[in-house]
2 protein chains.
Amino acid sequence: MRLTTKGRYAVTAMLDLTIHCDDKPVSLAEISQRQSISLSYLEQLFSKLRQSELVTSVRGPGGGYHLGRASENIFIAEIIDAVNESVDTTNCQGKGDCQGGEICLTHSLWDQLSHEIHNFLNAISLADLVARRDVKSIAQRQVEQLLILNESPQAGAC
Amino acid sequence: MRLTTKGRYAVTAMLDLTIHCDDKPVSLAEISQRQSISLSYLEQLFSKLRQSELVTSVRGPGGGYHLGRASENIFIAEIIDAVNESVDTTNCQGKGDCQGGEICLTHSLWDQLSHEIHNFLNAISLADLVARRDVKSIAQRQVEQLLILNESPQAGAC
DNA sequence: ACTTACTTGACTAAAATAGTCGGGTATTGG
DNA sequence: CCAATACCCGACTATTTTAGTCAAGTAAGT
């Protein structure tokens with residue numbers, strides 16, 4: 001099982017994308033500022049997200065990214081899969097050749113756990129996360145902090 | 001979340017210990033052979049398992065390890081904890097200071113997942129695993145393979 | 001044109017993993 | 001007693017992965 005900052009960053013960035021505007025594309029620079037993730041690293045992650053068609057890109061000035069489909073239909077497990085982090089906890093990637101070609105003693109345990117985690121993450125969509133109270137208030141705080149920092153009196157709402 | 005070979009080896013070794021004899025202590029050399037885990041590495045793992053009182057040791061010839069308590073009362077989550085692998089999936093170890101002292105957008109998601117995984121692994125005891133059909137047959141195979149390899153006609157049963 | 005912002009690929013520092021190695025020390029069977 | 005067994009312990013190391021950086025593009029809007 002690999003579930004590290006890479007997968008967490010990807011989910012966080014996708015959630016940020018979901019929250020901020022459905023009309024204009026969101027640039028990576030914005031996400032980078034709001035979520036404190038390095039721009040170069042985001043580029044790497046979004047390259048994979050685009051290949052998996054979880055986002056679509058708009059190039060040129062005013063460009064950025066859109067969600068590939070409705071937020072109700074994008075599930076957390078997909079995002080983590082897209083950035084190459086497997087949620088699999090077995091040693092043999094589920095193949096069952098863990099001990100010199102044979103199955104190992106604890107294979108079925110890890111196989112079961114993998115399914116458990118996958119089911120959990122595949123039952124939660126981006127829309128579900130946006131609806132959460134804590135997510136709403138944190139997103140609000142992040143926008144306010146940026147307004148103060150930038151001192152640019154932009155229209156706060158999308 | 002860290003769930004790698006270290007944790008898997010620890011659980012596998014503990015399960016092997018549970019399966020093979022409750023009377024005589026089981027030596028690491030035996031476990032090493034049956035489970036294809038390097039002896040030196042097992043020593044490292046058992047040092048931690050002993051500190052957590054999940055096993056007790058008997059030194060000298062004929063020595064080895066016993067389970068620290070009944071297999072019904074040793075849960076998988078404890079074993080993984082003992083070898084220093086945290087099942088926590090948050091970036092801040094649950095503290096909530098993920099984004100420059102503040103909570104990050106996806107904190108509650110990872111927090112919830114961590115609890116989910118912990119609950120799953122904490123509901124399964126070594127005794128539960130031993131009772132599984134697949135574990136029984138794999139253990140049987142492992143013993144038979146060793147008997148052939150060693151060609152030493154030891155009493156197969158404990 | 002010029003700028004913005006996506007696109008790609010190569011490169012790298014730091015950390016963690018998965019071990020090895022070499023010395024111990026306790027115990028016991030002969 | 002003494003040699004063999006097997007636990008005990010700490011230092012060391014190769015490999016892999018993570019978490020990025022950097023540079024050189026390409027496409028598109030103003």
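Here is how names work: the chains are called A, B, and so on, in the same order as the sequence lines, proteins then strands, and each is numbered from 1.
- For A:Glu78, the salt bridge (charged side-chain N to carboxylate O under 4.0 Å, His left out) partners are A:Arg69, not counting sequence neighbours.
- C:dT8 atom P lies 16 Å from atom CG of A:Leu42, rounded to whole Å.
- Residue contacts for B:Phe46: at a heavy-atom cut-off of 4.0 Å it reaches no nucleic acid atom on any strand shown.
- B:Lys48 places its NZ atom 13 Å from the C1' atom of D:dC9, with the value rounded to the nearest Å.
- Atom pair B:Tyr41:OH and C:dT17:C1' shows a separation of 6 Å (rounding to whole Å applied).
- Taking the side-chain contact (heavy atoms from CB on, under 4.5 Å) definition, one finds that A:Ser108 meets it with B:Arg132, B:Asp134, sequence neighbours left out.
- An OP1 or OP2 oxygen of C:dA18 is reached within less than 4.0 angstrom by a side-chain nitrogen or oxygen of B:Thr4.
- The closest donor-acceptor contact from the side chain of B:Glu30 to the backbone of B:Ser27 lies under 3.5 Å.
- Taking A:Thr18 as the reference, A:Leu67, A:Ser71, A:Leu126, A:Val130 meet the side-chain contact (heavy atoms from CB on, under 4.5 Å) condition, with sequence neighbours excluded.
- With hydrogens and angles disregarded, no donor-acceptor distance shorter than 3.5 Å links the side chain of B:Arg50 to the backbone of B:Leu45.
- Under the rule for a side-chain hydrogen bond (donor to acceptor under 3.5 Å, both in side chains), the partners of B:Thr12 that lie at least two apart in sequence or sit in another chain are A:Thr106.
- Considering only heavy atoms from C-beta on, B:Leu113 stays 4.5 Å or farther from B:Leu109 through its side chain.
- In this structure, the side-chain hydrogen bond (donor to acceptor under 3.5 Å, both in side chains) partners of B:Asp128, at least two apart in sequence or on a different chain, are B:Ser125.
- End-to-end axis angle of the helix from C:dA1-D:dT30 to C:dG30-D:dC1, from C1' rotation axes over five pairs per end: 10° (rounded to 10 degrees).
- The shortest distance between the side-chain N/O atoms of B:Ser57 and the OP1/OP2 oxygens of D:dC8 is below 4.0 Å.
- Phosphate proximity of C:dT7 to A:Tyr65: present, with a side-chain N or O under 4.0 Å from OP1 or OP2.
- Each of A:Ser47 and A:Gly63 has a nearest nucleotide on DNA chain C; the 5'-most of these lies closest to A:Gly63.
- A:Leu49 has its CG atom 13 Å from the P atom of C:dT8, to the nearest Å.
- Atom CG in B:Leu39 sits roughly 12 Å away from atom C1' in D:dT5 (whole-Å rounding).
- Residues in residues 10-19 of chain B take part in these salt bridge (charged side-chain N to carboxylate O under 4.0 Å, His left out) pairs, two or more places apart or across chains: B:Asp16-B:Arg34.
- One can place CZ of B:Arg8 at 11 Å from P of C:dG19, the figure rounded to the nearest angstrom.
- For B:Ser38, counting side-chain heavy atoms from C-beta on, the closest listed nucleotide (C:dA18, C:dT20, D:dA19) is C:dT20.
- Residue A:Tyr9 places at least one side-chain N or O under 4.0 Å from the OP1 or OP2 atom of D:dG20.
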Do any N or O atoms of the protein come closer than 3.5 Å to N or O atoms of nucleotides 22-30 of chain D, and which pairs are they?
residue: D:dT26; atom: O2; partner: A:Arg59; partner atom: NH2; Å: 2.7
residue: D:dA27; atom: O4'; partner: A:Arg59; partner atom: NE; Å: 3.4

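- Separating the CD atom of B:Gln44 from the P atom of C:dA18 is a distance of 11 Å, rounded to the nearest angstrom.
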All N/O donor-acceptor pairs, side-chain side in residues 51-65 of chain A, below 3.5 Å, sequence neighbours left out:
residue: A:Gln51; atom: NE2; partner: A:Ser47; partner atom: OG; Å: 3.4
residue: A:Ser52; atom: OG; partner: A:Lys48; partner atom: O; Å: 3.2

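- The NZ-P distance, from A:Lys6 to D:dT16, rounds to 16 Å in whole Å.
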